[in-house]
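Worksheet: the structure to be examined is printed underneath.
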2 protein chains.
Amino acid sequence: MGRRPLSKIRRKEFARAAHLCLAQHGLAGTTLARVAEQAGVSKASVLHYYRTKEDLLEAALRHGNSTLRDEVSALMRVARDPWQRVYAVIEANLSPRAFRPPIAQGWLALSAAVPHNRQYQRIQTVIYARTRSNLVGPLRSLSDAETAELMTDALISVIDGVWTRCGLSLGGMTAAEARRQFELLLDARFADSPERHAARRLMSEACRAQMLARGIPCED
Amino acid sequence: MGRRPLSKIRRKEFARAAHLCLAQHGLAGTTLARVAEQAGVSKASVLHYYRTKEDLLEAALRHGNSTLRDEVSALMRVARDPWQRVYAVIEANLSPRAFRPPIAQGWLALSAAVPHNRQYQRIQTVIYARTRSNLVGPLRSLSDAETAELMTDALISVIDGVWTRCGLSLGGMTAAEARRQFELLLDARFADSPERHAARRLMSEACRAQMLARGIPCED
DNA sequence: GCATACATTGACCCATGGGTCAGTTTATAA
DNA sequence: TTATAAACTGACCCATGGGTCAATGTATGC
């Protein structure tokens with residue numbers, strides 16, 4: 001069997017535990033012992049699946065990202081026109097599953113580690129490129145290319161901004177507040193057309209429906 | 001003499017060294033030994049001025065912030081109308097002195113530490129409140145209160161967003177690119193009036209002039 | 001039953017790094 | 001010149017935490 005990838009499921013469990021740990025205790029507080037405890041297993045066992053802590057954190061980074069990616073994919077599958085695709089990205093980034101202080105804190109901790117680790121950099125670059133193309137595509141069919149690029153970059157900045165503030169728990173950042181900021185930004189180049197309005201409602205609803213289907217609390 | 005505050009100048013030097021270290025090596029790479037080396041002094045000497053590493057990092061956080069605050073103050077002193085005050089905040093945050101990957105990386109590292117330290121939280125809250133009031137004031141006299149609040153929050157998000165991306169060195173974030181995003185956002189509620197146009201040019205020029213006066217390279 | 005391969009673990013190793021301390025140098029003031 | 005306080009240091013201590021290893025389960029295929 002070539003190289004049994006050491007029980008993929010088990011590896012995923014540990015990546016998840018590491019991600020959880022990161023969210024709760026930050027980078028400094030994420031020790032192998034703590035991750036092991038979180039997973040209900042011994043420290044040595046974790047090292048059996050990940051040769052080094054660096055590897056484990058890399059997996060945690062991938063895991064956190066894949067959660068968000070799944071969210072985007074699910075909404076993208078529902079989206080039927082450009083505006084719906086734009087709002088799919090926005091709503092996915094505000095989904096109650098991900099847009100929470102602990103998760104944002106984990107994201108912040110990993111982001112801080114990125115500049116000092118080549119591998120993390122590569123992953124981050126991929127994440128960035130994907131989000132970018134998810135936005136620039138639909139926006140191109142709603143405006144000229146230059147506007148699409150600029151709006152995409154600005155949307156990404158706002159995403160990073162609201163996530164940062166969510167992580168810092170500053171000014172009580174909520175999804176509703178974030179949504180208002182995205183609307184404001186989009187207003188800069190786009191009128192509130194019926195299509196846009198409908199897309200906003202549809203995607204917001206789709207995201208909510210998915211949460212309910214998975215039994216995740218959703219207060220907005 | 002009551003309690004000589006242990007040579008304020010010396011303390012500041014060490015805070016600066018710590019901040020530099022943080023920018024270059026991240027939180028994990030910032031050890032007392034490294035900070036001491038940076039300052040050309042022994043590890044024990046650093047501990048003589050700061051009782052604990054936590055204290056030192058707190059000072060580094062304050063230091064990094066005070067640099068930015070000075071930038072804002074200097075431009076604010078020049079500003080004569082609301083638009084000029086708005087652009088004073090924006091330009092200060094994009095000043096070539098501060099808006100550089102290493103500095104942004106340091107900011108990122110400290111931000112990641114914030115959720116796990118009360119004292120850092122307090123400082124961060126103060127910084128946030130000040131930036132907020134610096135923006136909401138002038139914007140209130142340019143629009144209704146609600147718009148001013150929303151625009152302020154969105155501007156802050158973009159600031160955090162572009163800083164994050166600057167720290168991650170993603171998509172080659174430059175001050176010029178950031179400026180375009182701020183313009184886009186402001187377009188959402190404000191026409192490009194002559195006052196706004198003039199203010200933008202004036203503050204950009206004022207910032208540049210200050211850099212030149214201090215001999216800091218300024219490529220845009 | 002037995003052999004093999006993988007899972008899991010406790011015990012251990014050791015480098016790192018924060019923090020202490022006792023002592024030396026240096027500056028200042030009487 | 002000398003007393004005093006502050007600046008500064010090398011040497012040391014020790015807790016933490018990443019990583020290794022040999023040993024012990026435990027399942028699977030023959």
Side-chain angles (χ1 to χ4, degrees), chain A residues 1-22 24-61 106 109-110 112-113 116-120, chain B residues 1-22 24-61 106 109-110 112-113 116-120:
Chain A
M1 59 195 79
R3 157 178 281 286
R4 164 83 72 73
L6 276 183
S7 176
K8 274 198 168 183
I9 305 107
R10 207 89 179 98
R11 279 176 65 93
K12 209 165 215 170
E13 280 175 19
F14 290 151
R16 186 183 149 74
H19 187 253
L20 208 64
C21 213
L22 223 36
Q24 288 174 343
H25 308 286
L27 191 56
T30 298
T31 69
L32 287 174
R34 187 116 59 176
V35 173
E37 185 191 15
Q38 176 75 45
V41 88
S42 80
K43 186 179 70 166
S45 206
V46 176
L47 267 320
H48 178 65
Y49 286 90
Y50 292 95
R51 278 212 316 277
T52 167
K53 190 192 180 184
E54 231 183 347
D55 287 359
L56 176 64
L57 291 187
E58 182 188 323
L61 178 55
L110 283 171
H116 308 284
N117 183 304
R118 284 279 168 80
Q119 192 58 21
Y120 299 176
Chain B
M1 60 193 78
R3 154 175 284 284
R4 164 84 71 73
L6 275 182
S7 175
K8 275 197 167 183
I9 303 108
R10 206 87 180 97
R11 279 175 66 93
K12 209 164 216 171
E13 280 176 19
F14 291 151
R16 184 182 150 73
H19 188 253
L20 207 65
C21 212
L22 223 36
Q24 288 175 343
H25 308 286
L27 193 55
T30 298
T31 69
L32 287 175
R34 187 116 58 175
V35 173
E37 186 191 13
Q38 176 75 46
V41 89
S42 80
K43 187 179 69 165
S45 203
V46 176
L47 267 322
H48 178 66
Y49 286 90
Y50 291 96
R51 278 215 315 278
T52 166
K53 188 190 181 184
E54 229 183 348
D55 287 358
L56 176 63
L57 291 187
E58 182 189 322
L61 178 55
L110 283 171
H116 308 285
N117 181 306
R118 284 281 168 80
Q119 193 57 23
Y120 297 176

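As the structure is a prediction and not an experimental result, all values here were calculated from the model. Chain identifiers are assigned alphabetically (A, B, ...) following the order of the sequence lines, protein sequences preceding nucleic acid strands; residue numbering begins at 1 within each chain.
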Length of the line joining [X]:[atom1] and [N]:[atom2], which is rounded to integer Å:
| X | N | atom1 | atom2 | answer |
| --- | --- | --- | --- | --- |
| B:R10 | D:dT9 | CZ | C1' | 13 Å |
| A:E37 | D:dG17 | CD | P | 12 Å |
| B:H25 | C:dG17 | NE2 | P | 12 Å |
| A:H48 | D:dG25 | NE2 | C1' | 13 Å |
| A:Y50 | C:dA7 | OH | C1' | 16 Å |
| A:R11 | C:dC6 | CZ | C1' | 15 Å |
| B:L56 | C:dG17 | CG | P | 15 Å |

Subject >> Residue that, paired with A:C21, satisfies side chain to side chain contact (heavy atoms under 4.5 Å, CB included) out of A:L32, A:L56, A:T30 >> reply: A:T30
Does [X] have a side-chain nitrogen or oxygen under 4.0 Å from the phosphate oxygens OP1 or OP2 of [N]?
| X | N | value |
| --- | --- | --- |
| A:R34 | D:dG17 | no |
| A:T52 | D:dG18 | no |
| A:R51 | D:dT20 | no |
| B:T31 | C:dT16 | no |
| A:Y49 | C:dA7 | yes |

Out of [options], whichever nucleotide has its closest atom nearest the side chain of [X]:
| X | options | result |
| --- | --- | --- |
| A:K53 | D:dG18, C:dT9, D:dG10 | D:dG18 |
| A:S42 | C:dG19, C:dG10, C:dC21 | C:dG10 |
| A:L47 | C:dC21, D:dG19, C:dT8 | D:dG19 |

Original post:
Would you say the base of D:dG19 and the side-chain of A:K43 have a donor-acceptor pair closer than 3.5 Å?
Top reply: yes
Original post:
Between A:E13 and A:R10, does at least one N-O distance fall below 4.0 Å, as a salt bridge requires?
Top reply: yes
**OP:** Answer yes or no: is there a side-chain heavy-atom contact under 4.5 Å between A:R34 and A:Q24?
**Re:** no
Original post:
If every non-hydrogen atom of B:A113 is compared with every non-hydrogen atom of B:L27, which pair is closest and at what distance?
Top reply: CB-CD2, 4.0 Å
Original post:
Between B:Y120 and B:L57, is a side-chain contact (heavy atoms from CB on, under 4.5 Å) present by the stated rule, with each step listed?
Top reply: CA-CA 9 Å; B:Y120 297 176; B:L57 291 187; 3.1 Å; yes
Original post:
Is A:S45 touching bases, backbone alone, or none of the nucleic acid, heavy atoms closer than 4.0 Å?
Top reply: base
